Amino acid sequence: MASISSNLLFIAFILYLAATLFYGGSIKVKKDSNEKKTTTKWGQIAVLLTIIGFISQLGYFITRWIASGHAPVSNMFEFTTFFGMALVGAFIVIYFIYRTTLLGLFTMPVALLIIAYASMFPRDISPLIPALQSYWLYIHVTTAAIGEAILAISFAAGLIYLVKAIDQTKSDLQTFWLEIVMFTLVTVLGFVVVSSGFSAAGYHEKFNWIDKNDNQVTVDYTMPAITGPHKGELLTKGGFQPWVEMPAIVNAKKLNTVIWSLIGGLFLYSIIRLLLRKRIGAALKPLVKNVKLDFVDEISYRSVLIGFPVFTLGGLIFAMIWAQMAWSRFWGWDPKEVWALITWLFYAAFLHLRLSKGWHGKKSAWLGVIGFVIIMFNLVAVNLVIAGLHSYAGS
Amino acid sequence: MNDVKCECGHVNPHGTVLCEACGKILDEQADKNQLLDMRYEGSARRSQTYNKTIIDKIWNFFSSVKVGVWLIIITLIASALGTIFPQKMYIDQPPEVYYQQEYGTLGKIYYQLGFDDLYSSWWYLLLIAMIGISLVICSLDRVIPLYKALKAQKVTRHEGFLKRQRLFGVNSDAADKDLTLVKEQLQRKRYHIREENGNLLAEKGRFSRWGPYINHIGLIIFLIGTMMRFIPGMYVNENLWVREGETALVPETGEKFYIHNNKFILQTYDKNKDKTFAQALSKAGEVAKNYQSNVVLYEQSGKSLPGEKPKLKKVMDYKIRVNHPLSFDGYSIYQASFRSELSAMTFSLMNKQTNQTYGDVKIDLYNPKETYDLGKGYSVKILNYFPDFEFAKNGEPSTKSRDPNNPAFIFRMYTPDKPKGETSFVAIRQTIEPFGNNTYKMAFRGIDTKNVSGFVVRKDSSMWVIILGGIIFMIGVVQGSYWQHRRIWIQRKSGQVWIAGHTNKNWYGFKREIETVLAGTKLTMPEDQLQAGKNKEEG
């Protein structure tokens with residue numbers, strides 16, 4: 001069952017990848033067809049592939065659930081994969097409201113990156129600790145992820161808006177930050193490429209080191225150590241000698257992974273820039289030529305409107321009900337809780353700015369981007385960097 | 001202040017921008033060429049009208065959405081600051097030591113700024129309170145005039161009002177049958193239709209306009225609910241440790257409820273049995289599967305005199321597990337933690353030279369006996385018992401607490417060859433013979449442990465208020481997000497048919513709906529004047 005499950009996930013990934021190419025094709029072909037809302041052949045194939053991929057990933061989800069006996073949303077790999085699936089699902093819903101394949105061209109790569117990122121974490125089926133043994137695990141986590149996924153659509157739409165609206169003939173803060181967003185996406189790809197590369201090569205090196213409580217411990221690096229642990233002593237013969245030694249309070253292994261991802265990202269980004277000979281933002285511009293700014297602005301706003309209540313319900317209300325049952329208090333200022341509150345406050349501010357201050361267009365699009373950054377921070381940094389009740393142990 | 005009478009005859013309160021009834025522009029300063037600002041229907045808001053007294057100024061400050069957004073953003077940033085390092089409640093060392101030791105200088109500064117307990121700081125609570133005030137005043141400032149304006153609106157609208165709607169179009173003429181068809185199609189789309197002198201107003205989803213105010217009411221109720229726990233008696237949060245086999249009074253229940261702990265159970269996943277998780281378990285090691293206390297809940301029946309043992313009546317058996325608290329009479333008892341305690345120690349009376357033993361002594365650490373008779377003239381007397389042994393400042397042995405964390409004894413061993421007895425001081429890993437060399441000793445044999453269940457006892461009488469607030473908030477936010485207020489005006493003006501449309505959001509869907517409503521008629525789709533203006537600008 002577990003192997004069927006991972007095969008289905010792999011099939012879904014391939015289908016999403018194919019769909020992305022078809023979305024690209026549907027834009028190119030559209031040029032010569034007349035401007036009306038009819039979806040091109042390529043576009044129809046792309047949507048079909050997306051739906052089949054989604055069903056396949058749903059199959060992954062169900063079979064893994066059967067295999068493990070609990071909904072697969074209990075560790076970093078499972079949750080992030082589910083978030084990717086929810087993003088595709090949210091796109092399918094929004095697509096059938098607005099019928100624009102361009103949104104697919106921007107959403108699917110993000111979903112692909114998220115799923116690829118997820119699969120860099122341990123994929124073992126893990127047991128549930130007592131606090132997680134509750135139906136509320138399924139209800140709370142899935143609803144929160146779906147809410148965040150719908151909110152993420154506003155990021156994709158906002159990106160389209162910015163690519164179209166920002167003047168690429170000059171360089172200013174806007175082109176700079178748009179390019180930073182692009183670079184960040186490339187860096188995630190860099191992380192995936194570098195870690196699967198070293199993992200395929202089976203790279204390992206061990207260190208003895210002294211932690212902040214003066215205990216000697218060993219650590220296993222899966223990438224060559226650029227930043228070595230505090231008073232680290234390389235145990236593996238022929239292993240890579242670290243360039244810099246970190247103090248005990250810094251997690252040298254995680255920092256090392258970040259540095260390698262940045263190297264990978266910079267490398268990929270430079271190649272892309274060499275091939276394109278202009279900013280990624282500028283290179284994407286022809287793709288968005290035919291879309292109306294007001295139209296994507298509305299999609300971006302609408303997805304916040306649809307996602308906000310879902311996120312409130314899943315990320316805050318269901319979360320509080322469960323916390324009350326498991327930990328005897330509905331709110332405990334655990335970092336994950338606080339970041340859910342921050343996400344909620346941010347989108348509340350977004351809605352107020354939009355409704356009362358008239359923040360439409362570029363401002364609104366930038367807010368969509370920042371909102372997604374907050375969601376990702378809550379997913380990645382709060383789980384892996386800030387320790388708390390919600391951190392997925394060991395991954 | 002003077003009310004303003006519009007040419008249509010409607011009397012508007014002072015400060016009104018658009019006549020509540022016909023929509024004529026009353027504020028002379030409004031730009032004649034721009035599209036109308038339809039927010040709050042151009043109604044007279046207190047904050048936009050009065051600015052003289054202190055109360056006006058405070059009202060205007062808190063009624064500003066700009067201020068509200070700033071409060072939200074400041075709270076957001078403050079909340080984020082609190083997650084940089086763990087909060088005080090999640091650390092198990094004194095904060096003055098912990099932060100500097102774990103995080104160096106930054107940690108020290110963090111602690112000195114009081115960020116270790118940020119969410120209970122006066123300024124954080126002040127921020128939340130200001131958001132609360134802002135919610136109330138913002139809502140009142142808008143909802144009342146908005147309600148009045150929407151209630152007073154007439155079917156026939158002023159020309160200027162129609163012309164300056166975002167969706168507007170003119171048809172030279174229309175056949176009656178076209179208008180009848182449009183009316184039918186509007187009804188099919190569930191529009192509520194009002195007619196007057198051949199003019200028509202189709203409206204739907206007005207209730208969605210109340211969504212924001214309803215969710216703000218929900219939030220206020222929620223915030224009040226969270227504040228209610230500061231009222232004495234509303235909120236109980238106590239830790240309770242109960243040893244296996246013991247009965248304890250449940251705190252803060254007015255000596256009414258008792259809980260007896262039959263057994264504490266800790267289960268872990270087994271690599272060999274839980275095969276699905278074998279791989280994960282081999283990496284993670286021991287993973288807990290269940291924390292459970294089998295308990296009996298008792299209620300005191302009748303009053304007992306002080307010092308008398310309470311008469312207990314059994315209420316129920318229950319297995320308290322994580323996620324499955326025991327709930328009764330507004331209280332909930334949660335499985336929160338556990339620990340193991342020494343419960344008994346066993347010693348053998350032994351001849352130091354021959355290593356021959358003369359019987360075992362098992363000492364119940366909560367209730368040691370004075371003398372243990374081993375028969376045949378051998379016996380052991382406990383002269384003194386220190387459950388939690390330490391040397392006091394004067395060098396005398398003493399005990400820190402009554403819990404047997406580090407038991408020590410002064411024994412007197414009586415044997416046939418030493419009938420007067422020998423004295424020995426025995427603590428963990430140390431034996432002192434204060435009166436010279438003994439012939440016998442108390443040899444350590446083993447320990448018994450007992451589990452102690454750690455419970456949390458909670459009562460939250462304000463919970464229903466919090467739940468009510470949450471439900472009202474969700475209703476309001478769904479109402480405001482998933483529906484929209486749409487209006488279509490079809491009016492005869494100087495022999496033409498004018499069509500104007502307004503929605504508070506989701507213009508794309510609204511335009512498609514108007515297309516279907518006008519389908520099959522000669523009436524043309526009104527133009528999106530905002531879009532048209534933009535297209536001109538964009539070239």
Side-chain angles (χ1 to χ4, degrees), chain A residues 2 67-69 97-98 122 124-131 133-134 136 212 247 249 292-295 298-299 301-302 305-306 308-309 312-313 317 320 322 324-335 338-339 341-342 345-346 348-349 352-353 355-357 382 386-389 393-394, chain B residues 39 65-66 68-69 72-73 75-76 79-80 82-84 86-87 89-90 101-104 119 212 226 237 269 274 276-277 279-281 283-284 287-291 321-325 332 334-336 456 458 463 466 470 473-474 477-478 481-482 505-509 528 530-531 534 538:
Chain A
S68 66
I97 300 178
Y98 288 106
D124 309 322
I125 294 179
S126 44
L128 294 183
I129 57 163
Q133 295 167 14
S134 167
W136 286 103
K212 61 189 168 201
I249 51 169
K292 285 211 169 64
L293 284 177
D294 269 359
F295 182 61
E298 185 172 317
I299 295 176
Y301 174 45
R302 193 82 192 282
L305 274 180
I306 299 174
F308 185 72
T312 310
L313 194 66
I317 295 189
M320 285 191 224
W322 187 18
Q324 179 74 25
M325 287 167 71
W327 298 316
S328 79
R329 82 288 182 290
F330 60 86
W331 195 260
W333 300 108
D334 171 69
V338 175
W339 277 93
L341 176 69
I342 289 172
L345 287 173
F346 179 82
H352 283 92
L353 285 170
L355 288 168
S356 299
K357 296 273 123 211
V382 176
I386 304 175
L389 295 171
Chain B
R39 277 180 296 141
V65 171
K66 198 170 166 185
V69 169
I72 292 175
I73 298 294
T75 311
L76 186 159
S79 306
T83 63
I84 295 176
Q87 288 289 294
M89 58 229 173
Y90 288 113
Q101 179 189 311
E102 292 286 308
Y103 306 105
Y119 305 109
T226 58
N237 178 22
Y269 286 95
D274 304 297
T276 330
F277 309 128
Q279 235 172 339
L281 287 172
K283 279 187 209 163
V287 176
K289 190 178 189 176
N290 186 24
Y291 302 111
R321 290 182 290 147
V322 178
N323 272 311
H324 301 273
S332 294
Y334 295 83
Q335 176 68 50
V456 166
R458 285 266 180 165
M463 195 50 87
I466 292 171
F473 174 79
M474 271 319 293
V477 82
V478 165
S481 306
Y482 296 165
K505 57 177 173 283
N506 187 12
W507 289 86
Y508 174 78
D528 186 339
L530 187 70
Q531 194 98 64
K534 280 231 177 102
E538 282 169 24

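From a predicted model like this one, the values you see are computed outputs, not experimental measurements. Throughout, protein chains are lettered first and strands after them, A, B, ... in sequence-line order, and every chain is numbered starting at 1.
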**Asked** Are B:Met474 and A:Leu313 side-chain neighbours, meaning at least one heavy-atom pair lies under 4.5 Å?
**Response** yes
**Request:** Starting at OH of B:Tyr508, measure out to CD1 of A:Ile299 and round the result to the nearest 0.5 Å.
**Result:** 8.0 Å
**Complete:** Rounding to 0.5 Å, atoms CD1 (A:Ile125) and CG (B:Asp274) come to a distance of 12.5 Å
**Request:** Check whether any side-chain heavy atom of B:Thr83 sits under 4.5 Å from a side-chain heavy atom of A:Val382, and report yes or no.
**Result:** no
**Interatomic distance, B:Ile73 atom CD1 to A:Ile342 atom CD1 [nearest 0.5 angstrom]** = 11.0 Å
**Asked** What are the two closest non-hydrogen atoms of B:Ala80 and A:Trp339, and how far apart are they?
**Response** CB-CZ2, 3.9 Å
**Message:** If I measure from the heavy atoms of chain A, does B:Glu102 come under 4.5 Å with its side chain, its backbone, both, or neither?
**Reply:** both
**Region of B:Ser332 that comes under 4.5 Å of a non-hydrogen atom in chain A** = neither
**Item:** Which portion of A:Tyr98 sits near chain B, non-hydrogen atoms under 4.5 angstrom
**Value:** both
**Message:** What's the separation between atom OH in B:Tyr482 and atom CG in A:Leu305, rounded to the nearest 0.5 Å?
**Reply:** 8.5 Å
**Request:** Measure from the side-chain N and O atoms of A:Gln133 to the backbone N and O of B:Asn323, and report whether any donor-acceptor pair falls under 3.5 Å.
**Result:** no
**Asked** With side chains defined as the heavy atoms from C-beta onward, is the minimum distance between B:Arg458 and A:Gln324 less than 4.5 Å?
**Response** no
**Request:** Answer yes or no: is there a donor N or O on one side and an acceptor on the other, between the side chain of B:Tyr269 and the main chain of A:Leu128, under 3.5 Å?
**Result:** yes
**Prompt:** Do you know which two heavy atoms are closest between B:Ser79 and A:Val338, and how far apart they sit?
**Reply:** O-CG1, 3.4 Å
**Prompt:** Should we count CD of B:Gln279 as having more than 12 external heavy atoms under 6.0 Å?
**Reply:** no
**Prompt:** How far does CG of A:Asp294 sit from CH2 of B:Trp507, to the nearest 0.5 angstrom?
**Reply:** 11.0 Å
**Message:** Taking the side chain as everything from C-beta on, heavy atoms only, tell me whether A:Trp327 gets closer than 4.5 Å to B:Val322.
**Reply:** no
**Item:** Closest contact, heavy atoms only, B:Met89 versus A:Gly332
**Value:** CE-O, 3.4 Å
**Asked** Most heavy-atom pairs under 4.5 angstrom with chain B, which of A:Ile317, A:Ile306, A:Ile97?
**Response** A:Ile306
**Message:** What part of A:Ala67 gets within 4.5 angstrom of chain B, counting heavy atoms only: side chain, backbone, both, or neither?
**Reply:** backbone
**Request:** Return the minimal non-hydrogen interatomic distance between B:Ala288 and A:Pro130, and the atom names on each side.
**Result:** O-CD, 3.3 Å
**Request:** With a 4.5 angstrom heavy-atom cut-off, could you sort out which part of B:Val477 is near chain A: side chain, backbone, both or neither?
**Result:** both
**Request:** Examine distances only and state if a side-chain atom of B:Arg39 and a backbone atom of A:Ser356 form a donor-acceptor pair shorter than 3.5 Å.
**Result:** yes
**Request:** Check whether any side-chain heavy atom of B:Thr226 sits under 4.5 Å from a side-chain heavy atom of A:Trp331, and report yes or no.
**Result:** no
**Request:** Identify the two heavy atoms, one from B:Ala280 and one from A:Pro127, that lie closest to each other, and give their separation to 0.1 Å.
**Result:** CB-CD, 4.1 Å
**B:Lys66 versus chain A, the contacting section by heavy-atom distance below 4.5 Å** = both
**Complete:** Taking every heavy atom of B:Phe473 against every heavy atom of A:Thr312, the minimum-distance pair comes out as CE2-CG2, 3.3 Å
**Request:** Under 4.5 Å heavy-atom distance to chain B, tell me which part of A:Ile129 shows up: side chain, backbone, both or neither.
**Result:** both
